[in-house]
Amino acid sequence: MRINPSDNDAGTIVGANVRLQGTLKDTNDIIVHGTVEGEVISNKSIIISESAMVKGPIVGEVITVGGGVKGSIEAKDKLEILPTGKVNGSISSATLIIQAGAQFNGKCVTTSGKESDGDKLEKEVKEIKDVKEKDTKESEPKSEEEESNSDFELE
Amino acid sequence: MYYYIFEPVKNRHDRSFQERLKRIINTLGIAGETVVPTPARTIDELVEIGLTKGYSTIVGAGSDLFANKLLTSLLGFKSEDDQRIVIGFIPQNPQTSSIAQIIKVTNAQEACETLRYRKIETSSVGFIYPKKYFISPIQLISKKPVRISLSIPGFEVISEITKITIDPKLTIAWENNQLAPSLAKKFIYSLFDKELKDNYLTIFHGDRLILQSSPSLPVYLENEIISHTPLEIKRVDSRLHLIVGRDNISDSGKEN
């Protein structure tokens, strides 16, 4: 088979008979058919196929899981767990699809990517409270002990 | 002025190719000094003579294997800071030549015209320690599956393979023919108009890699053995100033 591997935009493919240890990082797509013990990080999409097993965190833009994952998954845009997918670990994504038959055991956080109005309001309230507490502490009269400990010279 | 290093003639076909080449070069007005390696004068010595004489363009004419030997010789003499030296190639068999694809030519006439127009691009080359450069893909082939270990900064991979192809940009592709779908299976799937995926193809990218195998495998470049595993390879960027073909503008006005 004549392979033309000179296209650097092709991304990374981990074959079904491959065992990889370490951090697999690529700016392009990553497709995993084999076993990865470590991180899988991509700026684009990650596909964990049915025959794949990943033990470690996965971080990508769009992640599709059809195989086994033991570790956290963070998808900036979309995470889809296929009917053959098995995930043990926390997941975080803006859009989440778990198909019928998929197995998932862990914590789930959905993110919007943008700050909601509710979150903004909460932040403002907290900031006001912090400022008020600080002002209150400064304006409180000092106790007798604090006065005696302050620097004071008697002539 | 051009310094042409022709591959030694092996048969009548080679001789007629070189005679035709010399006519084209003269017609295009890019004639220069022409030399041929002999047992008395090796490629290294001829390259050294050309550089000593002050030629800034060295052109190799012949097979891809010869071109890669010339490349190793030239880059061995050329320092990294030296922007003067430019290399050109005239592939003998452009239809099957990987170098013809790199310099974007389809025949000898086009290759000579690219020398005349002198469009120069910097190109990456592969470097096999301790001292071999390559611009054509190298391959490791075994009839039976062989256990290999590939170390790329950041991770290590273990697998059994029958074939590995590494290009000068260090894209590594490997497969195990015994696990890949057979031709019969592919045919049956095609009868039912179904796509049969090959899950045993692996592709990696790297700047540097170390490849080990058990047992040791030969490394082929154009059917000639140039090294053996264990192998350490790195990509050398912008090391080669290469004369390439101009972009073609088709009838539709779009640039190819």
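Side chains are part of it too, since the values below use all heavy atoms of this structure and drop only hydrogens, waters and symmetry mates. Below, chain A is the first sequence line, B the second, and so on; all start at residue 1.
The two residues A:Thr23 and B:Phe155 make their nearest non-hydrogen contact at O-CD2, 3.2 Å. Scanning both residues, B:Leu201 and A:Ile13, for their nearest heavy atoms gives O-CG2, 3.2 Å. Smallest separation of non-hydrogen atoms from A:Val14 and B:Thr202: C-OG1, 4.0 Å.
Note that CG of A:Asn17 is 12.0 Å distant from CD1 of B:Ile158, once rounded to the nearest 0.5 Å. In this structure, OG in B:Ser149 is found 13.0 Å from CZ in A:Arg19, a value given to the nearest 0.5 Å.
Side-chain contact between A:Asp26 and B:His205 is present, with heavy atoms from C-beta onward closer than 4.5 Å.
The environment of CD in B:Glu156 is crowded: more than 12 heavy-atom neighbours from other residues, nucleotides or ligands sit within 6.0 Å. Atom NZ of A:Lys86 has 12 or fewer neighbouring heavy atoms from other residues, nucleotides or ligands inside a 6.0 Å radius.
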